[in-house]
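Keep in mind that the numbers below use all heavy atoms, side chains included, and drop hydrogens, waters and symmetry copies.
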Amino acid sequence: MIRKTVENVQEALKGVEDGMTFMLGGFGLSGIPENAISELVRLNIKELTCISNNAGVDDFGLGLLLHKKQIKKMVSSYVGENEEFERQMLSEELDVELIPQGTLAARCQAAQQGFPAIFTPAGYGTEVAEGKEIREFDGKMYVLERAFKADFAFVKAWKGDKAGNLIFKGTARNFNPVMCGSAKITVAEVEELVEPGELDPNEIHIPGIFVQRVFEGKNYEKRIEQRTFRQKS
Amino acid sequence: MALDKNGIAQRIAKEVKDGYYVNLGIGIPTLVANFVRDDIEVEFQSENGILGMGPFPFEGEEDPDLINAGKQTITALPGASFFDSAMSFGMIRGKHVHLTILGAMEVAENGDIANWKIPGKMVKGMGGAMDLVASADNIIVAMMHTNKAGQSKLLKRCTLPLTGVGCVTKIVTNLAVIEVTKDGFKLLERAPGVSVAEIEQATEGKLIVEGDIPEMKL
């Protein structure tokens, strides 16, 4: 076994600097690396490029970094529900690159798996494809999209072991697995950290080879954005 | 009488067939799930990573690790599965999802769709819409026939930035069911009590009317 554990979030984020590019897992506020985000806020590093499907809400998730003006550029597929984001985007303090959600996932996965680029039909004929190489395969048009290059990936899993093997829960899985091993250093925070052997190898979603640092996170808030119910009849 | 949002959803539900995996967009499309016949086997996919999506939970049973693409709390039905975002769009791009139902701001007679951006206004992003429309073979648009200013949303050419090109197969509005053909919008059905003339007047793009146009059956 190759041990991937670090003591705490401070050790897990060792080496982060101004101007770096980060990947952050999560969909909306579900499955976001809450501990890593809090530590990035505390470190107050600036000029960051963040690759993340969404940008959090005003007072949670990546919204906390936006509030302190730590982010220079966001690469996302959907950024609604965030007034401070809107203000910074409209005043051009913040650079925003909007890309299709499947393309975002594919560009992460390409980085993870050693593909320099992929062809996708998403965005063909739209402004997303402007300036990009277009190629026809079997009569259909595809856009060339490059793999991401990032310094750190911050992901959140449900359970992990000390070898860095990860298991995700429900739809909190989302972008987390495709960001593992997609940056120079992958930092995984887990709700429950166990000894090697305690997780069934059959049930592991991400093998530890894709993870450089793992730690047990604290004080998860796991906020819900849209609490929706059905009535008991 | 023109349909309301639930009426549009009810009519679209008839397009959902036994054995279909279906992706529902936000808004009217979400309502479609309420009207699908219960004697057929259908699974709903939400692109954030679930197949076999169930209804909203009862109060007190909500789970922050179980949401749909609209970030609403949901439930998982027996037989459901979870997966990552790459696999989710893999099943969309790979045409394993049979039907995509989504809203639109504009649809053109050549099947182009615009539904993500209004220049000059705050842009929230395309989410998964561009992937969905670029890949699915069967794309039904659910929308009102005209916008709030009374202007047609069925156009010769889209005026807003496009989400996808030549992709929409069918449109269900408050007034009509329309098939998108290589020759233009083909009128298939009228909403109850709505005349062909009313639909023609509300349609800027080329509307093909052949023979008697039946009323929708809901």
Side-chain angles (χ1 to χ4, degrees), chain A residues 27-31 53-54 76-81 85-86 89-90 96 98-106 108-109 112 120-128 140-143 158 168-178 205-206 220-232, chain B residues 30 46-50 53-76 80 82-93 112-114 116-117 121-135 161-167:
Chain A
F27 188 100
L29 300 177
S30 188
N53 190 54
N54 312 94
S76 302
S77 87
Y78 189 85
V79 293
E81 285 83 59
F85 186 99
E86 184 169 347
M89 182 173 168
L90 293 175
V96 180
L98 293 169
I99 62 176
Q101 197 175 124
T103 300
L104 182 65
C108 292
Q109 199 176 45
Q112 179 191 61
T120 176
Y124 171 72
T126 77
E127 62 183 53
V128 164
K140 190 172 166 87
M141 307 306 277
Y142 295 81
V143 184
W158 178 33
F168 303 89
K169 183 163 171 267
T171 55
R173 189 182 314 192
N174 56 63
F175 284 85
N176 286 299
V178 293
H205 294 136
I206 283 291
Y220 283 103
E221 191 176 333
K222 296 177 99 176
R223 206 183 282 188
I224 293 175
E225 258 178 278
Q226 307 278 341
R227 210 173 278 274
T228 43
F229 303 116
R230 78 185 123 136
Q231 299 301 317
K232 281 189 175 155
Chain B
T30 305
S46 195
E47 64 269 23
N48 59 316
I50 176 174
M53 177 171 51
F56 296 143
F58 293 118
E59 195 163 358
E61 293 174 8
E62 70 273 23
D63 178 354
D65 295 329
L66 189 44
I67 62 169
N68 64 16
K71 295 151 193 159
Q72 297 171 308
T73 46
I74 52 160
T75 54
F82 301 119
F83 35 84
D84 66 58
S85 300
M87 186 177 282
S88 181
F89 284 93
M91 61 184 72
I92 290 164
R93 206 179 301 114
D112 290 357
I113 178 172
W116 76 284
K117 181 176 184 180
K121 289 204 176 173
M122 168 64 188
V123 182
K124 292 183 173 182
M126 67 291 281
M130 284 193 182
D131 306 272
L132 284 157
V133 301
S135 297
L162 295 179
T163 309
V165 294
C167 53

For the atom pair [atom1] ([X]) and [atom2] ([Y]), what is the distance rounded to the nearest 0.5 Å?
{"X": "A:K169", "Y": "B:D63", "atom1": "NZ", "atom2": "CG", "result": "4.0 Å"}
{"X": "B:L66", "Y": "B:Q72", "atom1": "CG", "atom2": "CD", "result": "12.0 Å"}
{"X": "B:E62", "Y": "B:T75", "atom1": "CD", "atom2": "OG1", "result": "12.0 Å"}
{"X": "B:N48", "Y": "B:F82", "atom1": "CG", "atom2": "CZ", "result": "10.0 Å"}

Report the option among [options] that has the most heavy-atom pairs separated by less than 4.5 Å from atoms of chain A.
{"options": "B:G49, B:P57, B:G128", "result": "B:P57"}
{"options": "B:I92, B:L132, B:D84, B:L162", "result": "B:D84"}
{"options": "B:A76, B:A69, B:A114", "result": "B:A69"}

Answer yes or no: is there a donor N or O on one side and an acceptor on the other, between the side chain of [X] and the main chain of [Y], under 3.5 Å?
{"X": "B:N68", "Y": "B:I74", "result": "no"}
{"X": "A:N54", "Y": "A:V79", "result": "no"}
{"X": "A:T171", "Y": "B:D65", "result": "yes"}
{"X": "B:S88", "Y": "B:S85", "result": "no"}

Answer with side chain, backbone, both or neither: which region of [X] has an atom nearer than 4.5 Å to a non-hydrogen atom of chain B?
{"X": "A:V96", "value": "neither"}
{"X": "A:N176", "value": "neither"}
{"X": "A:F168", "value": "neither"}
{"X": "A:T103", "value": "both"}
{"X": "A:Q109", "value": "side chain"}
{"X": "A:I99", "value": "backbone"}

Of the listed residues ([options]), which shares the most heavy-atom pairs with chain B below a 4.5 Å separation?
{"options": "A:G123, A:G125, A:P121, A:G28", "answer": "A:P121"}
{"options": "A:A105, A:G31, A:P100", "answer": "A:P100"}
{"options": "A:K222, A:H205, A:R223", "answer": "A:K222"}

Segment of B:F56 engaging chain A (4.5 angstrom heavy-atom cut-off):
both
Chain A heavy atoms under 4.5 Å from B:V133: which part of the residue, side chain, backbone, both or neither?
neither
Does any part of the side chain of B:K71, heavy atoms only, come nearer than 4.5 Å to the side chain of A:F27, both counted from C-beta?
yes
